[in-house]
Structure formats: C-alpha cells, structure tokens
Amino acid sequence: MTARARRALFPEVIIERDTDTEESSDEEEEEEEEEVENDVVEMDDPEVEEVKVKGKEDGGSSTAINIKKGKSPITISLKKVCKVCKKTGHQAGFQGATYIDCPMKPCFLCKLPGHTTVNCPHRAAMEFGVIPASRKRTLNSLDYVFERQMRHKVPSIKPAFVIPDEVNCAVIRYHSRRVTCLEFHPTNNNILLSGDKKGQLGVWDFSKVYEKTVYGNIHSCLLNNMKFSPANDGTVYAASSDGTVSCTDLETGLSTSLMDLNPNGWQGGNSWRMLYGMDLNAEKGLVLVADNFGFLHLVDVRSNSKKGDSILIHKKGTKVVGLHCNPVQPDLLLSCGNDHFARIWDIRRLEVESSLHGLPHSRVVNSAYFSPLSGSKIVTTSIDNRIRVWDSIFGNLDTPSREIVHSHDFNRHLTPFRAEWDTKDPSESLVVIGRYISENYNGAALHPIDFIDISTGQLIAEVMDPNITTISPVNKLHPRDDVLASGSSRSLFIWRPKEKSEIVQEKDERKIIVCDRKNNKKFGDGSDNDDDSGHDDILSKKGKNLKSKSRKPNLVIASCSSSSKKKKKS
DNA sequence: AACGAATGGCGCC
DNA sequence: TGGCGCCCCTTCGT
C-alpha cells in the first residue's frame, strides 16, 4: 500500500496545540493540518489515549479554528494502532522474537498479496523458514528437453554436502565498520581476507586466532570487492567506493593504485565515481572493474595502465555491482547491476549494447556468478527476494530455469546479500546465502545462513548461533576445506563441521573467550582478558568451551538428511 | 537511553 | 528528468 493510500484510509486526526495563536491564511491552515496529522501518524506509542478527531463532515474547515471557536472536537481513544499501516484492529511488529506482518501489506517474503510471511507458501515449515519455490514450468517441449538435458548433466548421486555447523572461532571488533567482502587465500588454507565499509583490509590467520593484520590506508571508503592475483598469491586487487583500484602486497601492506576515477578529489556527490564489481582475467592480464555510472573499465596489470575506453555496460547512471569472468572461457564476462539486468559479454568485442544476453530481473541484481567448474550455470541474487538459476548451455536465458524465494531484500545499511557457490561441489548445486528474515529460536530472533541446493531448490541447511544476533549478509565457502566464513556487522566468524572443530580443540589449548553481546558478558574459561592489551579486541571461542558453559543446546540446525526433520509441518 | 546518521532504492509528482 | 519522502524484521555512536 502506498503512503498516500494509507493516509487516505486513516481518519483525519489532529492534536490540540497550545501554540496555535496567530491568524493564518487558508493555505497555511492546510499546511498546519498536514503537519499535525503527521505528528499523529508518527506516534509510535499505542497507549496514547486522548486525541481529537476531526470528522469528515467537517467539510475541510480548520479544526484549529473550531477549537478556538469553542466547538468541542470529537474525542476518541485510539488503542493499538498498527505501526505499519496505522489502522486499528491488528498490530505489526515483533512479538517476542517473532515478527508479525501487517496484513495490509504484501507478503514480506515472496512479495505477493493475499497472505503474510507467516502463511507464505514459500515458508510452509516454520522451523525451516524458507522453502524454495518449485521450478517455473512453461510446459512446452523445449522446456521438457531443457529439463531432461539438465538432469543428464547433474550427477545422479551427489556427494553428501558437508555443512559447517559450529562456530569455531570468532573475531569481534576486528573491523570498525561492517564487513563488505571476504576472500580466502588461494593457497594458504588458514588465511581469510576481509574488507569493510571504511576501506580497511583485514588479513586473518584463523588457525592462530590472534594473528591478524589490518591495513587501513589502502582505501578511504567501502572496499567492495577483492581478488587475489592469479600470478602471485601474495598480491590482492581491490575495488573501492573511493573510485580506485588497489594492488596490495599482503606481506608488506604496500599498495599501489592502478586507477583513480576521482583524480580531482571531491567535486560533489553527483560526480563522485565509485567502483563496485571487479574480476580478473588471468589470460589477458586484465583487471575489470565497473562503476556506479554503468561503465566498465579495463586495467592492464603488466603495464599498470588503463586499457581502451570505458564502456557503458548497464543503463547509464546506474550502479554495476558485480562482474565475473567465466571460469572456463575467461573472455565471457557476466555483469549485473541496478538496472535490473545481469548481462553476458564477450570482452573481445566490447561495445555499447553488444551484450550476448540480458537476464531480466524485476528489481536490482545484487550478484551474478557463473558456476565455478563448468561455468555453464549462472546464479543471480536479486532484491526481489529471489535467487535465480540460469543455464547458458542451451542459450535459453530468457527465463531462469529456477526461481527460489529467499528473504534477502534489505539493501539499506547492510552489505547486499549474495548467493555464493560452493566451489568444492562437483555437481555445482550448492550455494550459501545469508537470510534477512529472522527465526524465532527459543525466544531469540536469529538470522540464519542458508545452504541451498539450486538443482532442487531445497534448503539443505540453515546455520545459526545464539551469539550471532546480527544479520550475516557476507558469506564465503572455503575453496578446499569444509569451512564457512561469515561477515556479520563488524564481526568475522569461521564455521566448521562439529567433528573437525572438536579435533582442533584438542590440539589447541589457547585461552578462549566468548562474548555474549546481548548481556555484555564474557564467558568461556572464566578468565577475563580485558587487560590482555594485545588482544583485547579479539573475542574468540571454540564450540566445546561454549557448550560446557551455560548455553542452550547447540543451536545449530544443520543437516544433510533433512527427511527426519521436516515432520512438524501441519 | 533516546536519537540521529548512514549515502540505498523506489515510486510519486 | 529530478527531487523528495518513504521504507520501517539495521547498527553504531553520541
């Protein structure tokens, strides 16, 4: 419902004011009415009892004057007003840890009218939150062939997914602002790189919890994307909203700027260029970056110079948020952005409007990635609350082969959610993505991280921890190990399968501290490490220590065999 | 502890 | 086309 419609439905209500003394023209009176009405509309307190309502039959004359003239306004008591639509009779908002939708609004999850999130068919089983949509069928012969061909491609026996299901260690206040991107080291299994909203680059050896480095002088604002150099795994490229592409040596922290789109500094917000999407083309030695005006820029790594002209690849003036080169054919480039499209390009023939395919979405596309091994599939995440799977083999890119309803529509103030492939999965079917909508777990509203099989649409696992009360939009699966890294607000988390983390615990006698952020208490081995000046910004934990203390049963709800779990649906 | 700010997208006028 | 208000399941700092 639009704001206007809501306002129209709401009775005209004003509050008597004692400052209303001066004479006013009709125009000003209207203004005053508007202002007063807004005062009421903005009231959050449902307990407000005494307000004076101007009846519709008043004919629009000023009630302020009526009051002055002594006409007693109608007095009613407004109890329980829905804070979303301002109507009475229902309430929206959190009740405990469960959010109740306003019934006047479309479903918050699937965006369709007629029901609320609680009753959404895509959320039939409450304890699992999100049930994927069935494949959109067109029921024509091409579709049938397409389906059959795809089935052939997908191995009939898939390896069991190993779902990291326990927080192995966590670093709190590693970054001073929210985490924007994560990247595992290409050869060193224990190194995780993280970028944040301030432009800082973190390097963390999560096998030795305290070993971390933060480089704060590479970028001045949002570090949107980074990639390791294929030629040198000690070098990382990064694209930032400060308009520069950096090349950083991880050992020394020395950084060079490959490109600066704002050479003249700040000339106002309308001209400031920001870089979002980035990828590398190893064959050609190129860094590809895209900006918030719809342009793609190529930088030659060897000569450190811009190559060719910038090319408009999305609607002029719109942000290009993602770039990805095809793993098999690196000349194939996938881009996505705020013009509601993902597009496939041949970088050997880059011209305006020369894209090979345009993948339409109903809203902004947060990410688009080729499948990691064959490069034949594409997964896109759009803020219309849908993960889409596209198949490029048969060129049928007009419609997605699958749409999975999944709650991640909340771009403001959060790093955009992106479905990320598990590059270890030979069947190219597992993706991980954080969930925006919360689950009520024992009275706590938690935001799980979902593992989804995109070949079936099934929710394989949802991972959460009572100590992580913030939303986790940034997630990355380890390229070789069964490890998940999550960025949640300013914190980083490493998840492993339970067995593995227990082995690590036996080896590791390190003092472990867990921060219970809700109660602002630390627990773990009982000692306080606040005075541990070297590490006071690090709060880490291992699952076993956590469990031995007063914690609820292991919260992590993760399973490969979901058959036994989906029984409560009624 | 209440509040403002963050620079995000969209629909409306 | 651009400016503005709304969205209203955020998070942090003051």
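Reminder, nothing fancy here: chain letters follow the sequence lines and each chain counts from 1. Computed over heavy atoms, backbone and side chain alike; hydrogens, waters and symmetry mates excluded.
Of the listed nucleotides (dC10(B), dG13(C), dT10(C)), dC10(B) has the atom at the smallest distance from the side chain of Arg363(A). The Ile471(A) side chain lies nearest to dT10(C) when the options are dT10(C), dC9(C), dG9(B). Comparing dC9(C), dC8(C), dT10(C) against the side chain of Tyr99(A) picks out dC9(C) as the nearest.
The nearest whole Å value for the distance from the CD1 atom in Ile100(A) to the P atom in dC9(C) is 13 Å. Whole-Å rounding puts the Ile437(A) CD1 to dC8(C) P distance at 13 Å. Rounding to whole angstrom units, CG of residue Asp384(A) and P of dC10(B) are separated by 10 Å. The NE2 atom of His175(A) sits 14 Å away from the P atom of dG13(C) (whole-angstrom rounding). Put simply, NZ on Lys315(A) is 13 Å from C1' on dG9(B), counting in whole angstrom units. Separating the CG atom of Asp339(A) from the P atom of dC10(B) is a distance of 10 Å, rounded to the nearest angstrom. One atom, CG of Asp101(A), and another, C1' of dC8(C), lie 12 Å apart when rounded to the nearest Å. Rounded to whole angstrom, the span from the NZ atom of Lys105(A) across to the P atom of dG11(B) amounts to 13 Å.
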Can you name the atoms? Protein N/O to nucleotides 3-8 of chain B N/O, anything below 3.5 Å, with the distance.
{"residue": "dA6(B)", "atom": "N1", "partner": "His413(A)", "partner atom": "NE2", "Å": "3.4"}
{"residue": "dG8(B)", "atom": "O6", "partner": "Arg412(A)", "partner atom": "NE", "Å": "3.1"}
{"residue": "dG8(B)", "atom": "O6", "partner": "Arg412(A)", "partner atom": "NH1", "Å": "3.1"}
{"residue": "dG8(B)", "atom": "O6", "partner": "Arg412(A)", "partner atom": "NH2", "Å": "2.9"}

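Contact annotation: the side chain of Tyr436(A) approaches that of Leu414(A) to within less than 4.5 Å [non-hydrogen atoms, C-beta and beyond].
Contacts of His340(A) with the nucleic acid, taken as non-hydrogen atoms under 4.0 Å apart, involve only primed sugar atoms and P, OP1 or OP2. Base contact: Phe108(A) has a heavy atom under 4.0 Å from a base atom.
From Leu223(A), atom CG reaches atom OG of Ser246(A) across 6.5 Å, with rounding to the nearest 0.5 Å.
Partners of Asn224(A) by side-chain contact (heavy atoms from CB on, under 4.5 Å), not counting sequence neighbours, listed by chain and number: Leu222(A), Ser241(A), Tyr276(A). Residues passing the side chain to side chain donor-acceptor pair (under 3.5 Å) test with Ser438(A): none are found, sequence neighbours excluded. Scanning for side chain to side chain donor-acceptor pair (under 3.5 Å) contacts around Ser486(A) gives Asn475(A), Trp495(A), with sequence neighbours left out. Taking Asn385(A) as the reference, nothing meets the side chain to side chain donor-acceptor pair (under 3.5 Å) condition, with sequence neighbours excluded. Contacts of Asn338(A) classified as side-chain contact (heavy atoms from CB on, under 4.5 Å), with partners at least two apart in sequence or in another chain: Thr318(A), Lys319(A), Val321(A), Val364(A).
Residue-to-nucleotide proximity on DNA chain C shows that, of Ser176(A) and Gly93(A), the 5′-proximal contact is made by Gly93(A).
Rounded to whole Å, the separation between the C1' atoms of dC13(B) and dC8(C) comes to 23 Å. When the P atom is compared between dT7(B) and dG13(C), the two are found 14 Å apart, to the nearest whole Å.
Between dC12(C) and Ser489(A), a contact under 4.0 Å exists linking OP1 or OP2 to a side-chain N or O.
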